[in-house]
Chemist: 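I'd like to ask you about the structure that follows.
Side chains are part of it too, since the values below use all heavy atoms of this structure and drop only hydrogens, waters and symmetry mates. Protein chains get the first letters and strands the later ones, always in sequence-line order, with residue 1 at the start of each.
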Protein chains: 2
Amino acid sequence: MSSVKEVAKRANVSVATVSRVLNNDPVVKQATKEKVLEVIKEMNYRPNLLAKNLRKQASKTIVMVLPSMSNPYFSEIARGAQAAAYDFGYHIIIGTIESKRWILDTYVNLLKTNLAEGMIFVSSSADNELLQTLVDEYPIVLCTENYPGIEAVCVTIDNKRAAYEATVELLRRGHRSIAYIAGNRQSSSVLARIEGYKEALLEAGLAYNPDFVTGAKNNFESVVEAVNGILGKGCRMDGVIAHSDLQASYILKGIKDRRIALDDSIGLISFDGTFIAEITNPSITSIVQPLYDLGYASVHKLVLKLQGDSAEAPEGLVILPHALVIRET
Amino acid sequence: MSSVKEVAKRANVSVATVSRVLNNDPVVKQATKEKVLEVIKEMNYRPNLLAKNLRKQASKTIVMVLPSMSNPYFSEIARGAQAAAYDFGYHIIIGTIESKRWILDTYVNLLKTNLAEGMIFVSSSADNELLQTLVDEYPIVLCTENYPGIEAVCVTIDNKRAAYEATVELLRRGHRSIAYIAGNRQSSSVLARIEGYKEALLEAGLAYNPDFVTGAKNNFESVVEAVNGILGKGCRMDGVIAHSDLQASYILKGIKDRRIALDDSIGLISFDGTFIAEITNPSITSIVQPLYDLGYASVHKLVLKLQGDSAEAPEGLVILPHALVIRET
DNA sequence: CTGAAAGCGCTTACAG
DNA sequence: CTGAAAGCGCTTACAG
């Protein structure tokens, strides 16, 4: 209810002075400052940020879009992003796309209507075309998924290396027929991971057989279908690398339900390392991604861009470390 | 970059007319409207919502706070809330508290600085005292968790009834020593559930023994400790009701890891019915909550409040239906 | 060190 | 049906 005007009147100063106190302008005389602060407290005054934002032409708000929240993979990233936004003094709006274009548009509109200053795309939340037009006009950061041809900072892990390590681990255990259940899209991370998988096989003197590689959506039926598709080609497998913990958990469930003709003693390694990998039976060996840090770093880079700190202006790839954690599979 | 002013100039009308077109004021002559719309399109003009918000003294934004996102329980609620916000033309900021007071304060500040118009508290995201002061000043809706003495709409399920049904199911199967692993706090939902559990026992002619009831935090160690706490009192149990799917999954994990001296053939029923209950082995029988609907309805009620539609002004409890879904435990 | 005044980009009562 | 003007609550260059 109260405004700078009323505070000014009560404190016997001008609105300019109140504003200066509010913004910690060191030019204000100590005594004046104290009086104003006292009045502010006494009136329980809070500045109207709607006005401040308009005047400063800045919302101090960023948005992060993710495919969904149902996978704990994304919630961890969101958690890191939230912490970073707070640390750097920004508001953050976290939205899930759920594969619906109109939802994505809602968030993009925040940018277009000045309600947000920059945006972070996690995983494959948008297509190349949209991304290109946005990158030209607004500060954008990519998290997890790089887009070929798009000139934007991308914070991710070394997917190729990680898949390489997972494959090497399975080979080390003596597995020789390793299937790769990839993500749905031909995204850059999927491609990089398959590269790493391939490299490890070749290094071990094994042939790369495309029949052992297929994609699956993030639901039980699709994963069962994917594994059975490989099996159906007459391929026998003794190891599997899965695109996510969730996918791996579906494989275990499929095996248990006899929907998949495999034994759960199969070598199984998944990406992500969320708590999902720990609550299944058997628990799943996985490539643990630094999810919190990926979210945090993405926001950090975006803030750097917003503040136009050209010295630290981030460009290109930011690679964060992953780790292979051995569990029961 | 462009503003109503520039659009007005190009269309040879006043800014007032442009604004009327923007807001679909039917008073504008069709021809004028068309011309303005054309210029808007041609200039690719988007209104600056920072200005509109200030002028209208409304941000068209609501905030929903949840304890965390790591439990899919909360992400489903958030999903419903997001959909509702879109349907009713509001922006929504979804924040997770992570048990940190400073994070909660961040979101409360959105209210105090006019950046948000109303707030939804999911589960126990705030204490009674804070809630009371907020309810006095702002439109507030509670989701999932009712607070005694706080006069706010609360959207939830019939927790007592649900726990009653879960207990009856276990009794029906012949279980006679049923433990209740509750949530951490003495919240109203926990209390209601214990009531239902108690009622079912008494109806079956069994005694209610407080030794069989204990609380646990949402992590593995705490749940193991809770179950072993009951076991340590010399209580033998053949059935367990758990506060959440996650807790139930920890119990199964504890049994498998031999940290809990029970067999996984134990009767186990959990609350929530998220996908967690499906990926465990064995899968968990649970009380399925209408999570998406709880989120959706919470936003709907809040919007009703904001629009001051006193006819539909919501008051008191809104109870949504739950369902007992039998799985393997 | 402080104040008067302009202005951020909209909307809306008022007049015509 | 349309326009001129005031005003939402701030911040900031300018003058003193």
Chemist: Could you tell me how far apart B:Gln57 (CD) and C:dG9 (P) are, to the nearest whole angstrom?
Modeler: 18 Å
Chemist: Can you tell me how far P of C:dC8 sits from CG of B:Leu50, to the nearest Å?
Modeler: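 Between P of C:dC8 and CG of B:Leu50: 14 Å.
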Chemist: Flag the pair B:Lys112 and B:Asp105 as a salt bridge only when some basic side-chain nitrogen lies within less than 4.0 angstrom of an acidic carboxylate oxygen.
Modeler: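 No, B:Lys112 and B:Asp105 are not salt-bridged.
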Chemist: Output all residues satisfying ring-ring contact (aromatic ring centres under 6.0 Å, His included) with B:Tyr86, sequence neighbours left out; order by chain, then residue number.
Modeler: A:Trp102
Chemist: Which residue pairs pass the ring pair (Phe, Tyr, Trp, His ring centres under 6.0 Å) test with at least one member in residues 108-147 of chain A, sequence neighbours excluded?
Modeler: none
Chemist: Please work out which residues in residues 33-43 of chain A have a non-hydrogen atom less than 4.0 Å from an atom of DNA chain C and list them by number.
Modeler: none
Chemist: State whether A:Tyr45 places a side-chain N or O below 4.0 Å from either non-bridging phosphate oxygen (OP1 or OP2) of D:dC10.
Modeler: yes
Chemist: What string of B, S and - do you get for nucleotides 11-16 of chain C 5' to 3' if you count protein non-hydrogen atoms under 4.0 Å?
Modeler: BBB---
Chemist: Measure the distance from CG on A:Leu54 to P on C:dG7 and round it to the nearest whole Å.
Modeler: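 Rounded to whole Å, this separation is 14 Å.
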Chemist: Please identify which of these residues, A:Val153, A:Leu317, A:Val155, A:Thr156, meets the side-chain contact (heavy atoms from CB on, under 4.5 Å) condition with A:Asn146.
Modeler: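 Answer after filtering A:Val153, A:Leu317, A:Val155, A:Thr156: A:Leu317.
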Chemist: For A:Lys5 and D:dG9, what is the distance between atoms NZ and P respectively, to the nearest whole Å?
Modeler: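 These atoms are roughly 8 Å apart.
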Chemist: Using a cut-off of 6.0 Å, state whether more than 12 heavy atoms not belonging to B:Gln57 lie near its atom CD.
Modeler: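 Result for CD/B:Gln57: enclosed.
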Chemist: Send over the distance from A:Lys9 NZ to C:dA4 P, rounded to a whole Å.
Modeler: 14 Å
Chemist: Could you name each residue pair satisfying side-chain hydrogen bond (donor to acceptor under 3.5 Å, both in side chains) that touches residues 71-81 of chain B, not counting sequence neighbours?
Modeler: B:Tyr73-B:Thr144, B:Glu76-B:Arg79
Chemist: In this structure, how many angstroms lie between the C1' atom of C:dG7 and the CG atom of A:Asn53, rounded?
Modeler: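 Taking atom C1' of C:dG7 as the reference, CG of A:Asn53 is at 16 Å.
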Chemist: More than 12 foreign heavy atoms under 6.0 Å from CD of B:Glu42: is that the case here?
Modeler: yes
Chemist: For D:dT12 and D:dG16, measure between their C1' atoms and round to the nearest Å.
Modeler: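 It comes out at 16 Å once rounded to the nearest Å.
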Chemist: Evaluate the ring planes of B:Tyr296 and B:His300, with Trp represented by its six-membered ring, and classify them as parallel (under 30°), tilted (30 to 60°) or perpendicular (over 60°).
Modeler: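 The rings of B:Tyr296 and B:His300 sit tilted, inter-plane angle from 30° to 60°.
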Chemist: Should A:Ser3 be listed as having a side-chain N or O under 4.0 Å from OP1 or OP2 of D:dC8?
Modeler: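 So the side chain of A:Ser3 is outside the cut-off, no N or O lying under 4.0 Å from OP1 or OP2 of D:dC8.
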Chemist: Identify all stems in which DNA chain D takes part, counting only runs of at least 3 consecutive pairs (Watson-Crick or G-U wobble, each distance under 3.5 Å), and give each as one range with another, ordered by first number.
Modeler: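 Looking at DNA chain D, the stems formed by three or more consecutive pairs are C:1-3 with D:14-16, C:5-12 with D:5-12, C:14-16 with D:1-3.
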Chemist: Please report, rounded to the nearest Å, how far the C1' atom of C:dG9 is from the CG atom of B:Asn48.
Modeler: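 These atoms are roughly 6 Å apart.
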Chemist: Given B:Val63, which partner from the list B:Thr106, B:Leu110, B:Val108, B:Ile94 fulfils the side-chain contact (heavy atoms from CB on, under 4.5 Å) test?
Modeler: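 That would be B:Leu110; it is the only one of B:Thr106, B:Leu110, B:Val108, B:Ile94 passing the side-chain contact (heavy atoms from CB on, under 4.5 Å) with B:Val63.
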Chemist: For B:Glu151, does the CD atom sit with more than 12 other heavy atoms under 6.0 Å from it, leaving out its own atoms?
Modeler: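 Open.
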Chemist: Quick test of your reading of the model: are A:Asp25 and A:Lys33 salt-bridged, counting only N-O distances below 4.0 Å?
Modeler: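 Not counted as a salt bridge, because no side-chain N and carboxylate O are separated by less than 4.0 Å.
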Chemist: What is the distance from CD of A:Glu6 to P of D:dC8, rounded to the nearest Å?
Modeler: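 It is 11 Å, rounded to the nearest whole Å.
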